[in-house]
Protein chains: 2
Amino acid sequence: MSRLLLVGAAVLAVTAAACSGNQQVTAPAADDLMKAAQAQFKPLPASYKDIPGNTASEDLIALGAMLYHDPRLSASHALSCAACHNIGLGGGDDASTSVGHKWQLGGRNAPTVLNATFNFAQFWDGRAKDLTEQAGGPIVNPVEMASPPEHIVEQLKSIPGYADAFAKAFPGQKDPISAQNVSIAIAAFETTLITPNAPFDQYLNGKADALNPVQKEGLKLFMDKGCAACHNGINIGGGMYAKFGAVAAPDAKYRPVADKGRMAVTKDPADEYVYKVPTLRNVALTAPYFHTGSAWDLKEAIKVMGKAQLGQDINDDETGKIAAFLETLTGDQPKVLVPILPPSGPDTTRPQRD
Amino acid sequence: MSRLLLVGAAVLAVTAAACSGNQQVTAPAADDLMKAAQAQFKPLPASYKDIPGNTASEDLIALGAMLYHDPRLSASHALSCAACHNIGLGGGDDASTSVGHKWQLGGRNAPTVLNATFNFAQFWDGRAKDLTEQAGGPIVNPVEMASPPEHIVEQLKSIPGYADAFAKAFPGQKDPISAQNVSIAIAAFETTLITPNAPFDQYLNGKADALNPVQKEGLKLFMDKGCAACHNGINIGGGMYAKFGAVAAPDAKYRPVADKGRMAVTKDPADEYVYKVPTLRNVALTAPYFHTGSAWDLKEAIKVMGKAQLGQDINDDETGKIAAFLETLTGDQPKVLVPILPPSGPDTTRPQRD
């Protein structure tokens, strides 16, 4: 009975919202909206220590933080993971594509490292199954950090201070400085880069007034229009693949013909223009958007997605409300100390810059 | 009487040291050596808050930390102050010269930012009188961050979150986002980047066993041979100019003919190859050495300096001891949180990368 009443209230609220051409803000019934949201999304844990299965030691994380910030993993010694995945810039680099070795520009937008641990696969095309598999990629990619693969271990062994850091991070291992352990350590550090306590997390945890009425309308639109069909779960995305242009091909500015997306990985024509659905957490901090980094404005991105994925023209009012909701996905940003790196040794390969 | 006895003991100790061709390590009389050191050098304060005249507020320093790490002060948005003055790498970039805009290489080695506040002038050629005057230079240098000068203020004003940060840092100012205030804030942050508590500081503060016997011998050699004639004071350097090659021209590898040093600033032929004497604090972390970044090995640098500045061939044994002393100049490295930067706004100029 009370349930029926609640549903009735929700219908009234929805009707009111749909008729609010006069800009009157009408919050949907909080309880039903919250329940619907809780059914589709999950809040982040308060700490990375609460991530199920996470057993990384402090020593392993500390080593990972060092490696993540160490430009000597690049051929030039001028680029580290942090160069393109800047923890201070929402975990990305505020650019369409990134600067790599000798100023080569990357092919796709640098995805945020924040909460990346919750993605079901890594890279835009999902070609790495997890952060450990991902972490080694850019280090050896000739367009990015451009380290010769065989060189990474030799390089780290030549920096005396790393011997102790690896020994502590991988206790009991005879020869812990290995490419695989580099990736494991970086992934362990990246797993700490989560952003809990966003207003939307507070809302999912039951705090009804964590979202204001406009943001709640945005949330409702986000679910009702179908955005949440792909952007759902703990990472509000990051849990599936989808074709960019599921309903209508977006402008080539956003989806150039030549980048076939996941098809390049699977060779399956059904995967043409298929990409991993990106997380929307901290999306207000991570412009520009899309794999091309071609939309600088969040509202522009919402409209492009409405058309391309849902076949809908999302009007300005709705777009503003959805954007207001998306801004509630900005959580507490990580507190990371700039790691002090061990100095190079006499045999450390010198930077290759020209 | 007791003073005479001490001097006598020192003479004995020196004689013993001079005769120690058999590698026997003989510590000079601690008291006299310590007094001689205390007369030529000064320990760092324990905290930047103890630096005389330093009145920077926490808000000003926090703003400076943001600006120091914000790549949007560069035309490409790929380079920040921290790119070449990496706090994790001894305040430099572990390279002969730095990567700038579109992969241009800088003309001189990036000097360490650590303890730079104690230098009597900034840049290798002293062309900036202090950190505030220095801080703006690389931002607009076309070879470095390459921002058009008129653009910096416009850029920061376009990033909404900076309005509040500048207002807090410069209370009472009507229009606080200015190029001058950018420099003031960065300089205030840099002033916090000091490295107290090095073994040598402890020694200067009276802890006789903070240096081991070999390090003490190195200190004595450093003073007796004349290194301390230039590398003295609180920063073990950074307090005067000197010609690189005061006695004998170093190899062109270390001192290329074309870079005339301070002469390019003053137009005075007497300033040919004259540079600011660099600080030796944390020198074990700041290879490669010289304005050219051409010596990767500290011992190599010591020998080059002995020949060029003092006309002496410093032998391997002495060089090792001086290097052992120089390693006692490594202090506690700064603890700096990666600053969280405010997101770009709709009018923020986009990165110029190609």
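Being a predicted model, the structure only gives us computed values, none of them experimental.
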Set of side chain to side chain contact (heavy atoms under 4.5 Å, CB included) partners for B:N86, sequence neighbours left out
A:P71, B:L89

For chain B, the option from A:D93, A:D70, A:L79 that forms the most heavy-atom pairs under 4.5 Å:
A:D93

Closest heavy-atom contact between A:R353 and B:S98?
NH1-CA, 3.4 Å

I'd like to know which of A:R350, A:M66, A:H69 tops the heavy-atom pair count under 4.5 Å against chain B.
A:R350

Which members of residues 337-346 of chain A, sorted by number, sit under 4.5 angstrom from chain B on a heavy-atom basis?
A:L337, A:V338, A:P339, A:I340, A:L341, A:P343, A:S344

Part of A:A78 lying under 4.5 Å from any heavy atom of chain B:
side chain

Per-residue contact mode, B:L285 against chain A (heavy atom under 4.5 angstrom)
both

What residue, out of A:A284, A:G90, A:C84, A:P351, has the most heavy-atom pairs lying under 4.5 Å from chain B?
A:P351

Chain B neighbours within residues 292-300 of chain A, where any heavy atom lies under 4.5 Å away
A:W296

Could you measure the distance from the CG atom of B:D354 to the OG1 atom of A:T97? Nearest 0.5 Å is fine.
7.5 Å

Grab the two heavy atoms, one from A:G100 and one from B:W103, that are nearest each other, plus how far apart they are.
O-CZ3, 3.7 Å

With a strict 4.5 Å heavy-atom criterion, list every residue of residues 157-164 of chain B that contacts chain A, or say none.
none

